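Some notes on the structure that comes next.
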Amino acid sequence: MIGIIVGAGRIGFNLAQRMSEKHDITLIEKDKERCEYVSDMIDCYTIHGTGTNTTLLEDADISKADFFVAATANDEVNLLSSVYAKDHGVEKVVSRLNNLENTDIFKKLHIPFINPENSAKRYITRNIIRPTAQNLVSVGKGDAEIIEVVVRNKNLLFTPIYQIENNTDKFKIITIYSGDEEIIPTEETELDYEDSIVILVKRQYLKEVRELFTKK
């Protein structure tokens with residue numbers, strides 16, 4: 001599949017990093033230094049510029065894209081670029097919505113959106129079944145992040161989550177996507193190869209935890 005992602009912040013970067021393993025990704029970023037950093041870190045085509053530059057979008061072959069993600073911190077950029085993508089026949093378009101006051105305009109223009117703050121709250125609320133996750137850190141104070149990784153460490157396969165977490169205070173697995181199934185895990189839930197898992201992790205352990213699940 002061919003995809004275009006606008007914005008190389010945490011959301012755009014993580015998405016591009018994951019998707020570029022199996023898909024042809026073009027990442028558009030307005031900050032030149034960030035753009036150069038992404039180019040060195042991810043195997044994808046990077047373009048320095050803004051998502052509202054229609055000439056740039058055409059140069060990125062937007063009409064050939066299978067999906068388009070607008071992930072910047074600017075709702076106007078996300079909205080305009082998403083509308084442009086839809087007008088050029090991109091079937092799957094998703095936008096980041098930063099300010100909930102802009103919800104109506106996104107809905108009126110039929111732009112699917114995700115609000116990061118609401119998504120984080122929803123993950124926590126839905127997972128009261130695992131109250132230890134709430135004791136891990138205070139997300140509101142910025143001590144932790146919610147990340148999504150694909151399980152590729154075969155040593156973790158078919159191992160109950162309570163053994164993987166091993167009473168650690170570094171991270172908690174809060175959601176598992178196995179194929180088309182969304183799983184709210186219990187302590188006995190086991191991981192399978194290439195399951196996509198959502199993890200609440202202390203910021204200082206981000207690299208360590210990501211490597212734990214992805215190393216081959």
Side-chain angles (χ1 to χ4, degrees), residues 5-21 25 27 29-31 33-44 46 69-75 78 94 96-100 113-153 155-156 159 161-177 182-185 187 189 191 194-216:
I5 300 172
V6 177
R10 180 173 58 85
I11 294 175
F13 179 87
N14 289 338
L15 181 61
Q17 189 173 47
R18 175 184 173 191
M19 299 294 289
S20 63
E21 295 179 3
I25 301 297
L27 186 58
E29 168 57 43
K30 68 176 183 178
D31 184 274
E33 290 186 3
R34 182 66 176 175
C35 193
E36 292 173 350
Y37 171 78
V38 171
S39 181
D40 291 337
M41 296 295 293
I42 304 177
D43 183 19
C44 68
T46 57
V69 180
T72 79
N74 186 309
D75 282 348
N78 293 342
V94 179
R96 172 179 175 177
L97 174 65
N98 301 283
N99 187 346
L100 292 176
F113 60 84
I114 296 174
N115 176 260
E117 181 179 353
N118 272 3
S119 297
K121 289 178 181 177
R122 186 164 59 249
Y123 278 130
I124 298 300
T125 302
R126 269 190 352 204
N127 289 282
I128 293 177
I129 188 172
R130 305 197 69 222
T132 50
Q134 296 202 28
N135 295 329
L136 181 63
V137 283
S138 171
V139 178
K141 295 181 180 179
D143 298 326
E145 290 192 20
I146 292 176
I147 62 172
E148 186 171 345
V149 299
V150 177
V151 179
R152 293 205 170 93
N153 183 350
N155 293 326
L156 301 178
T159 303
I161 281 179
Y162 79 88
Q163 291 185 17
I164 297 174
E165 294 178 344
N166 194 27
N167 295 319
T168 182
D169 65 349
K170 297 179 181 179
F171 69 93
K172 292 294 174 184
I173 300 170
I174 56 179
T175 310
I176 300 172
Y177 297 99
E182 180 179 350
I183 301 169
I184 305 301
E187 290 187 346
T189 302
L191 299 179
E194 291 204 337
D195 278 354
S196 181
I197 60 175
V198 177
I199 309 170
L200 180 64
V201 53
K202 281 187 176 179
R203 190 180 297 274
Q204 63 265 41
Y205 300 115
L206 279 171
K207 182 178 180 181
E208 176 184 335
V209 171
R210 192 184 298 276
E211 290 179 351
L212 170 64
F213 291 97
T214 60
K215 66 181 181 182
K216 297 182 179 180

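Start at 1 with the first residue, then count along the sequence. This one's a predicted model, so the numbers in the text were calculated from it and none came from an experiment.
- Closest approach of Leu27 and Gly12 over heavy atoms only: CD1-O, 4.4 Å.
- Across every non-hydrogen atom of Phe171 and Val209, the tightest pair is CD2-CG2, 3.8 Å.
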Phe213 and Leu191: CA distance, side-chain angles, deciding distance, side-chain contact (heavy atoms from CB on, under 4.5 Å) verdict:
CA-CA 10 Å; Phe213 291 97; Leu191 299 179; 3.9 Å; yes
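- In terms of heavy atoms, Asn98 sits closest to Asn74 at ND2-N, 3.7 Å.
- Between the side chain of Asp195 and the main chain of Ile197, no donor-acceptor pair closer than 3.5 Å is present.
- Judged by distance alone, with hydrogens and angles left aside, the side-chain atoms of Glu165 form a donor-acceptor pair with the main-chain N or O of Ile173 at under 3.5 Å.
- To the nearest 0.5 Å, atoms CD1 (Ile25) and OG1 (Thr46) are separated by 12.5 Å.
- Side chain of Glu29 to main chain of Ala8: a donor-acceptor pair is present (N/O by atom type, distance under 3.5 Å, no hydrogens or angles).
- Residues Ile5 and Phe13 form no side-chain contact, since every pair of their non-hydrogen atoms from C-beta on lies 4.5 Å or further apart.
- The side-chain heavy atoms of Glu148 and Asn14, taken from C-beta on, include no pair separated by under 4.5 Å.
- In this structure, the separation between SG on Cys35 and NZ on Lys30 is 13.0 Å, given to the nearest 0.5 Å.
- Here the straight-line distance linking atom CE of Met19 with atom CD of Glu21 works out to 10.0 Å at 0.5 Å rounding.
- Nearest heavy atoms, Arg96 versus Asn78: O-ND2, 2.9 Å.
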Please assess Glu194 against Arg152 for the test side-chain contact (heavy atoms from CB on, under 4.5 Å), listing each intermediate value before the final yes or no.
CA-CA 6 Å; Glu194 291 204 337; Arg152 293 205 170 93; 3.6 Å; yes
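- Scanning all heavy atoms of the two residues, the minimum distance from Pro185 to Ile176 falls at CB-CD1, 4.0 Å.
- Annotation: Asn167, atom CG; neighbour count of heavy atoms from other residues, nucleotides and ligands within 6.0 Å does not exceed 12.
- Around atom CG of Asn166, more than 12 heavy atoms belonging to other residues, nucleotides or ligands sit under 6.0 Å away.
- Contact record, Asn99 with Asp75: N-OD2, 2.9 Å, taken as the closest heavy-atom pair.
- Side chains of Leu212 and Val149 form no contact here, defined as non-hydrogen atoms less than 4.5 Å apart.
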